[in-house]
Amino acid sequence: MNGYSQYKEKSIYSMSGSELLLLLFDEAMRRLTRAEKSLEDKNYKDFEDCIHRTTKIVRYLMDILNMDYEISYDLRRIYTYLIYDLSRVTAGRERRKDEIGRIRHILSELREGFEGASKKVNDMHVVREREVRG
């Protein structure tokens with residue numbers, strides 16, 4: 001492993017739970033932006049990969065919800081909707097670029113909400129520990 005990779009890995013392990021959560025939202029939004037660009041460039045393989053990775057992130061966000069909190073049920077419904085919408089983006093021959101911006105906007109709003117909440121409660125997110133799956 002090269003020096004940069006080691007540095008990156010160590011910085012991730014030293015992040016708080018809320019920082020990791022925000023990082024997941026950032027990566028999902030970055031993937032959606034890349035998916036739009038790939039679709040414009042007619043790079044369908046990269047487009048589908050970006051949508052697939054975004055779906056995996058949203059599924060992971062749903063998996064780590066701690067269902068002991070009432071808000072988690074609402075978040076699970078939102079994540080389920082996003083997964084459904086992501087599947088519609090790639091369904092059929094006509095890919096739906098217009099939906100990508102809307103999905104990214106929803107993720108952005110969720111990210112802002114979690115960022116604000118983490119500042120107020122000093123790193124108390126409603127997640128439970130789960131293993132990271134490849």
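We're numbering straight along the sequence, starting at 1.
- The distance from the CG atom of Asp41 to the CD atom of Glu36 is 12.0 Å, given to the nearest 0.5 Å.
- Between the Ser18 side chain and the Ser118 main chain, no donor and acceptor come within less than 3.5 Å of each other.
- More than 12 heavy atoms of other residues, nucleotides or ligands sit less than 6.0 Å from atom CD of Glu40.
- For the atom pair CE (Met29) and NE2 (His105), the distance works out to 11.5 Å, reported to the nearest 0.5 Å.
- Note that CG of Leu22 is 11.5 Å distant from CG of Leu110, once rounded to the nearest 0.5 Å.
- Rounding to the nearest 0.5 angstrom, the gap separating the OH atom in Tyr69 from the CG atom in Leu75 is 13.0 Å.
- Note that the CD1 atom of Ile106 and the CG atom of Leu32 stand 10.5 Å from one another [nearest 0.5 Å].
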(request) Would you check, one step at a time, whether the test salt bridge (charged side-chain N to carboxylate O under 4.0 Å, His left out) holds for Asp85 with Arg102? (result) CA-CA 10 Å; Asp85 231 18; Arg102 198 171 53 71; 2.3 Å; yes
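- Partners of Arg76 by side chain to side chain contact (heavy atoms under 4.5 Å, CB included), not counting sequence neighbours, listed by chain and number: Met62, Leu65, Met67, Tyr73, Thr80.
- Residues Ala35 and Ile100 approach most closely at CB-CD1, 4.4 Å, considering heavy atoms.
- Pairing each heavy atom of Phe47 with each of Thr90, the nearest pair is CE2-CG2, 3.7 Å.
- Asn43 and Ser38 are not linked by any side-chain donor-acceptor pair at a separation below 3.5 angstrom, with hydrogens and angles left out of the test.
- In this structure, Asp46 CG and Arg53 CZ are separated by 9.0 Å, a value rounded to the nearest 0.5 Å.
- Of all non-hydrogen atoms in Leu86 and Ile51, the two that sit nearest each other are O-CG2, 3.7 Å.
- Minimum interatomic distance between Phe25 and Leu107 (heavy atoms only, all atoms of both residues): CD2-O, 3.6 Å.
- Residues Glu27 and Leu24 have side chains not in contact (no heavy-atom distance under 4.5 Å, counting atoms from C-beta outward).
- Residues meeting the salt bridge (charged side-chain N to carboxylate O under 4.0 Å, His left out) test with Asp68, sequence neighbours left out: none.
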(request) Report the C-alpha distance between Leu61 and Leu21 in whole Å, list the side-chain angles of each, state the deciding distance to 0.1 Å, and finish with yes or no for side-chain contact (heavy atoms from CB on, under 4.5 Å). (result) CA-CA 8 Å; Leu61 291 169; Leu21 182 68; 3.4 Å; yes
